[in-house]
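First comes the structure, then the notes that go with it.
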Amino acid sequence: MPPPPAENRSGSLPDDADLPGPHGISAELAVRIPQLLAAMRSVGSGTELHQTLDKLCETAAELGGARYAAIGVVAEDGQGLSDFVHHGVDGATARAIGHLPDGHRGLLGALIHDPRPLRLADLATDPRSCGFPPHHPPMRSFLGVPVRVGEEIFGNLYLAEKEGGGEFTEEDLQILRVLATEAGIAIGNARLHEASKQRERWIDGSVAVTTSLLSGSDADEALTVVAERARHLADARAGFVLLPTEEGGMEVVAASSRADEARGAMGLVIPADSPLVRELLAGRPVLVDDATSDPRVRTEVGAGFGPSMMLPLVSDDRVLGALVTPRSIGARHFTETERTLATQFATQAALALRMAEAQRDRERLAVLEDRDRIARDLHDLVIQRLFATGMMLETAQRRTDAPAVRERLGKAVDELDVTIQEIRTAIFALQQGPADAPTGLRTRVLREINLAAVPLGFTPAHRFLGPVDTLVGETTGKNLVAALREALSNAFRHSGAGRIDVVVEAGRTLPDGTPGVRLTVADDGVGIAAGGRRSGLRNLRRRAESLGGSSWYGPGLGENGGGTSVVWEAAL
């Protein structure tokens, strides 16, 4: 309960400012009513919630004659504070104090569970007070009132340190209660406005993801769009998309951050024994208050991050992956509304993944059908004709008496035999299923080149320099193959090339002195059009930079440098 007013020890009447006015209010309060009305109009004019809270603190400090003011926003579960907006403490002092009050203990925590007006002459005398943290400015007098939005307790409005060193008066309390009532209305309107804008942004984000997929973008680009949109919409520091691995863990396959600081997480695998992976693969969302300190989060994943929202990407009861949006250390926690909207977005993203997967399956089936047809044609037509031609040449060789002619015919027959053997080897490679082929980098590169030969109409030339299979690591190799696929796809769709050369060189030295691998894909096509799309080239650059490398393009193989050479290099 608030302490009783100070006793007038002189025995005289109170000052004139404390005498009742003509309508039953004190003269001091009557003088301050116009100022209160102006403040109410000011507070109620904002539509952005945090801006309204800032204005509320500033106005309350001015009306109450206080040096400090703050509003603590009660968390949705009623346990502690989800936000704390303050006025009067400068930035340097706030940084020195560190973490803002969480409302789990002390006087602020008590006001959450007992939201009634409170006026104190000295904070330290209240048994519920737990003192101030280091670097906190001294405060004695205190005044607090609850802020209600409808029937809901939104938070508490606090004033501290009455100017002049005195106590807060009953008039200060009345003024603050009126202001808190008006603030509740303004905050309710701001909340509705912000919720409407939030829903609109998330819907637009879902549409952008779907549009990106339907426009023909590849799977990697679609996943990057998911990560970028989720980061922006969740007001997060980064956005990650994780996909399950064969070993039962989850791998980061797409990342987005404000300053590319999350690119280093590309290719990072969270093992199957992680409790977070078990929860996500079971289809359950995970909320982390502080990723840096939570024991469930691996250090390399959560370093530098605070509140994090991890949502499974579920479609038809199947977990396709996970969407992770971490905020900065000390940032506000995700609200129930944000979690609901993000879950809906994740459902749309999961559908996009299913569409991308179905598209890849259709493309793979088409390629396998073409390979099977080509293998049959080579076996049934080409080899039979070459064999018949060889027999005709052998017959002609036996019937001629000219030694020079016999020698030349013999060489032609030998060349035909070699050609038939090479075609049979090619037929065997074409008839191999994806699971039958070895997994070395050289073989994977050759597989991509052979797959590209079908739409191109010719097989790109290739060279390997250095021990590619033994030097290049698995993560770098996987990204190199993806970069090769992207470069060959761009060459097919945009260049109109008649010749493509692929060179993979292991053991190169990168500009920073580390050993690396370089991929070069050069063609003699039309080159890169001015003002054309650069999404494929951006994908290549992002992949390389995430592995400590780089990517660029230059003149090609055509006359006078016509065409394009795309260079991609990364650390081993």
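Basis for what follows: all heavy atoms, side chains included, without hydrogens, waters or symmetry-related copies.
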- Query: Tell me, do T520 and V502 make a side-chain contact under 4.5 Å, heavy atoms counted?
  - Reply: no
- Item | Heavy-atom check, side chain of L320 versus side chain of L243, under 4.5 Å | no
- Message: If you apply the rule salt bridge (Lys or Arg N to Asp or Glu O under 4.0 Å), what do you find for E559 with R499, and how did you get there?
- Response: CA-CA 12 Å; E559 186 177 352; R499 174 189 171 191; over 6 Å; no
- Task: May I ask you to decide whether E336 forms a salt bridge with R339, counting only side-chain N to carboxylate O separations under 4.0 Å?
- Result: yes
- Message: For the CG atom of L456 and the CD1 atom of I500, what is their distance to the nearest 0.5 Å?
- Response: 4.5 Å
- Can R447 and N450 be counted as having a side-chain donor-acceptor contact under 3.5 angstrom? no
- In Å and rounded to the nearest 0.5 Å, what is the OG1 to CZ distance from T340 to R199? 8.5 Å
- Query: Are F240 and M250 side-chain neighbours, meaning at least one heavy-atom pair lies under 4.5 Å?
  - Reply: no
- Query: Rounded to the nearest 0.5 Å, how far does OG of S550 lie from CZ of R543?
  - Reply: 15.5 Å
- Does the pair E486/R538 count as a salt bridge with the N-to-O cut at 4.0 Å? no
- Pick out which of V566, V521, L519 makes a side chain to side chain contact (heavy atoms under 4.5 Å, CB included) with L540. V566
- Message: Could you check whether any side-chain heavy atom of T347 comes within less than 4.5 Å of a side-chain heavy atom of V314, counting everything from C-beta outward?
- Response: no
- Answer whether the closest heavy-atom distance between the side chains of L480 and V517 falls below 4.5 Å. yes
- Message: Tell me whether the count of non-hydrogen atoms from other residues, nucleotides or ligands lying under 6.0 Å of CZ in R278 goes above 12.
- Response: yes
- Query: Is there a side-chain contact between V567 and S551, using heavy atoms and a 4.5 Å cut-off?
  - Reply: no
- Message: Quick check for you: to the nearest 0.5 Å, what is the distance between L393 atom CG and M391 atom CE?
- Response: 11.0 Å
- Message: Looking at S274 and I270, would you say the former's side chain and the latter's main chain have a donor-acceptor pair under 3.5 Å?
- Response: no
- So do V288 and F305 actually touch side chain to side chain, heavy atoms under 4.5 Å? no
- Spatial distance of atom CZ (F345) from atom CG (L313) [nearest 0.5 Å]: 9.0 Å
- Message: Closer than 3.5 angstrom, by distance alone: can the side chain of T389 be matched with the main-chain N or O of R385 as a donor-acceptor pair?
- Response: yes
- Message: Check this for me: does any side-chain nitrogen of one of E407 and K411 sit under 4.0 Å from a carboxylate oxygen of the other?
- Response: yes
- Message: Determine whether a donor-acceptor pair (N or O, by modelled atom type, separation under 3.5 Å) exists between the side chain of E338 and the backbone of T335.
- Response: yes
- Just wondering, do D289 and P307 contact through their side chains at under 4.5 Å, heavy atoms? no
- Item | Polar side-chain atom of T245 near backbone of G249 as donor-acceptor pair, under 3.5 Å | yes
- Item | Test: R327 cationic atom under 6.0 Å from F334 six-membered ring centre, within 45° of axis | yes
- Do you see a donor-acceptor pair shorter than 3.5 Å between the side chains of T400 and R406? no
- Message: Is it the case that the side chain of D469 and the backbone of R442 share a donor-acceptor pair, with hydrogens and angles ignored and the cut-off at 3.5 Å?
- Response: yes
- Note on the structure: Result for side chain to side chain contact (heavy atoms under 4.5 Å, CB included) between M310 and one of L276, L242, T325 points to L276
- Taking atom types as modelled, is there a side-chain donor on T476 or N479 under 3.5 Å from an acceptor on the other? no
- Item | Heavy-atom donor-acceptor pair, D523 side chain to T564 backbone, under 3.5 Å | yes
- Quick one: salt bridge (Lys or Arg N to Asp or Glu O under 4.0 Å) pairs with a partner in residues 502-517, sequence neighbours left out? E505-R508
